[in-house]
Amino acid sequence: MNEPQISAIKKSLETAVQQAAEMHGRMDETLPALSAIAQACAQALRSGGTVYFCGNGGSAAESQHLATEFVVRLSSQRNRAALSSIALTTDTSLITACSNDLGFDKIYSRQIEAHLKAGDVLILLSTSGASPNLLEAASAARHRRGTVAAFVGEKQTPLDKLAHHTLHIPSPHSQRVQEGHLLCGHLLVEMVEDLLTETPSSAPENSR
């Protein structure tokens, strides 16, 4: 790698770090929504319900990540029972069949029709907040009397009109928004664990 290439990478890194610092400096803006979503998740889990996640692309990967944290655990410092959480992004047979037979816009709403119960929580992750399949999912969850939460970017989105709780990441940059979603997702799991157990966690370290 030559000097101009190294210089360009360094500049990109500096820009990304600056953007991340600006976002992190405003993350306290997310606390009201994050707290409300945590309360909804804890209530659903106390009642024997489930927290569902879905998203597209990188947000699909984060959906799987966060559902795993609920089911397995966030930190080795707290052993607790598994919490019911499912990512609707993982069943390739179902997703391809639904895409082929009913259309891609139905890949999540069809699963919600099959599984989501009243009082369950659906969390949608989206940088745009405008993906048709997520809007369909939100509508289906509301129809089944589930609680709908959305993690989106800093601007108002179509999901805002369908979600009971919307968490806006304070950044105009898609990469930073996705990083903010993961940060808030980890905090969400920690907050739910605190709500469901008597001993709050302290400085959790993931064992993975």
Side-chain angles (χ1 to χ4, degrees), residues 1 4-41 51-70 72 74-75 85 87-90 107-108 121-135 137-138 147-194 201 203-206 208:
M1 190 174 291
Q5 290 173 322
I6 293 173
S7 178
I9 291 172
K10 182 179 179 182
K11 184 175 181 180
S12 294
L13 175 62
E14 290 172 347
T15 298
V17 169
Q18 181 179 357
Q19 291 172 353
E22 291 171 355
M23 177 189 73
H24 288 150
R26 296 176 54 197
M27 286 300 283
D28 59 341
E29 297 172 19
T30 69
L31 288 176
L34 189 59
S35 177
I37 296 168
Q39 293 281 354
C41 290
V51 178
Y52 294 91
F53 287 91
C54 63
N56 296 306
S59 296
E62 289 196 6
S63 294
Q64 293 166 221
H65 182 144
L66 296 174
T68 296
E69 302 289 19
F70 271 102
V72 183
L74 183 66
S75 168
S85 185
L88 302 176
T89 57
T90 61
I107 62 170
Y108 297 134
V121 177
L122 172 66
I123 300 178
L124 308 118
L125 280 69
S126 176
T127 56
S128 70
S131 300
N133 59 355
L134 300 186
L135 297 175
T147 298
V148 179
F151 286 21
V152 295
E154 67 175 356
K155 296 182 178 179
Q156 292 289 306
T157 75
L159 274 179
D160 285 74
K161 298 178 181 179
L162 292 171
H164 296 94
H165 309 290
T166 308
L167 188 151
H168 289 271
I169 298 297
S171 175
H173 309 287
S174 294
Q175 299 97 316
R176 307 292 85 81
V177 170
Q178 288 186 326
E179 292 160 12
H181 286 173
L182 186 57
L183 172 61
C184 287
H186 281 155
L187 287 170
L188 174 66
V189 179
E190 183 178 348
M191 292 168 71
V192 171
E193 289 182 341
D194 286 346
S201 61
E205 293 181 3
N206 200 309
R208 295 186 296 282

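Throughout, numbering of the chain's residues begins at 1 and tracks the sequence.
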- Looking only at heavy atoms, the pair that brings Ala137 and Tyr108 closest together is CB-CB, 3.8 Å
Enumerate, atom names and distances included, each donor-acceptor pair closer than 3.5 Å involving a side-chain atom of residues 4-17, sequence neighbours excluded.
{"unit_1": "Gln5", "atom_1": "OE1", "unit_2": "Asn2", "atom_2": "N", "d": "3.0"}
{"unit_1": "Ser12", "atom_1": "OG", "unit_2": "Ala8", "atom_2": "O", "d": "3.2"}
{"unit_1": "Thr15", "atom_1": "OG1", "unit_2": "Lys11", "atom_2": "O", "d": "3.0"}

- Heavy-atom closest contact (Ala36 atom, His165 atom, distance): CB-ND1, 3.6 Å
- Please test Ser126 against His181 for side chain to side chain contact (heavy atoms under 4.5 Å, CB included), starting from the C-alpha separation and ending with a verdict. CA-CA 9 Å; Ser126 176; His181 286 173; 5.8 Å; no
- Residue pair Leu183, Thr30: steps toward the side chain to side chain contact (heavy atoms under 4.5 Å, CB included) verdict: CA-CA 11 Å; Leu183 172 61; Thr30 69; over 6 Å; no
- Min side-chain heavy-atom separation Val152-Val177 under 4.5 Å: no
- Task: Might you point out which heavy atoms bring Leu159 and Ala138 nearest each other, and give the distance in Å?
- Result: CD2-CB, 4.1 Å
- Message: I want to check something: taking the side chain as every heavy atom from C-beta on, are Leu122 and Cys54 in contact at a cut-off of under 4.5 Å?
- Response: yes
- Item | Beyond-backbone contact of Leu124 with Leu162, side-chain heavy atoms, under 4.5 angstrom | no
- Note on the structure: Applying side-chain contact (heavy atoms from CB on, under 4.5 Å) to Ala163 and not counting sequence neighbours gives Val148, Ala150, Thr166
- Query: Who passes side-chain contact (heavy atoms from CB on, under 4.5 Å) against Ser59, sequence neighbours left out?
  - Reply: Leu125, Gln178
- Message: With side chain to side chain contact (heavy atoms under 4.5 Å, CB included) as the criterion, how do Leu66 and Leu188 come out once you've worked through the C-alpha distance, each side chain's angles and the decisive distance to 0.1 Å?
- Response: CA-CA 9 Å; Leu66 296 174; Leu188 174 66; over 6 Å; no
- Item | Partner residues of Thr89 under the side-chain hydrogen bond (donor to acceptor under 3.5 Å, both in side chains) criterion, sequence neighbours left out | Gln64
- Sorted by chain and residue number, the side-chain hydrogen bond (donor to acceptor under 3.5 Å, both in side chains) partners of Glu62 (sequence neighbours excluded) come out as none
- Minimum heavy-atom distance between Phe53 and Ser63, given as atom pair plus value: CB-CB, 3.7 Å
- With sequence neighbours excluded, tell me which residues meet side-chain hydrogen bond (donor to acceptor under 3.5 Å, both in side chains) with Glu179. Arg176
- Excluding sequence neighbours, so at least two apart, what forms side-chain contact (heavy atoms from CB on, under 4.5 Å) with Ala61? none
- Task: Could you note down all residue pairs passing salt bridge (Lys or Arg N to Asp or Glu O under 4.0 Å) where residues 122-134 supplies at least one of them, sequence neighbours left out?
- Result: none
- Of all the heavy-atom pairs spanning Val121 and Ala40, show the shortest one and how long it is. CG2-O, 3.6 Å
- Item | Flag side-chain contact, heavy atom, 4.5 Å: Ile123 against Cys41 | yes
- With sequence neighbours excluded, what pairs up with Glu29 under the salt bridge (Lys or Arg N to Asp or Glu O under 4.0 Å) test? Arg26
- Message: Can you tell me how far apart CD (Gln39) and OG1 (Thr147) are? Round to the nearest 0.5 Å.
- Response: 12.0 Å
- Query: If you measure only the distance, is there a donor-acceptor pair under 3.5 Å linking the side chains of His186 and Glu190?
  - Reply: no
- Nearest 0.5 Å please: distance from the CG atom of Leu74 over to the OG1 atom of Thr68. 12.0 Å
Under 3.5 Å, which donor-acceptor pairs link side chains of residues 167-174 to any protein atom two or more places apart or in another chain?
{"unit_1": "His168", "atom_1": "ND1", "unit_2": "Gly153", "atom_2": "O", "d": "2.8"}
{"unit_1": "His168", "atom_1": "ND1", "unit_2": "Lys155", "atom_2": "O", "d": "3.3"}
{"unit_1": "His168", "atom_1": "NE2", "unit_2": "Asp160", "atom_2": "OD2", "d": "2.7"}
{"unit_1": "Ser171", "atom_1": "OG", "unit_2": "His173", "atom_2": "N", "d": "3.2"}
{"unit_1": "His173", "atom_1": "NE2", "unit_2": "Gln19", "atom_2": "NE2", "d": "3.4"}

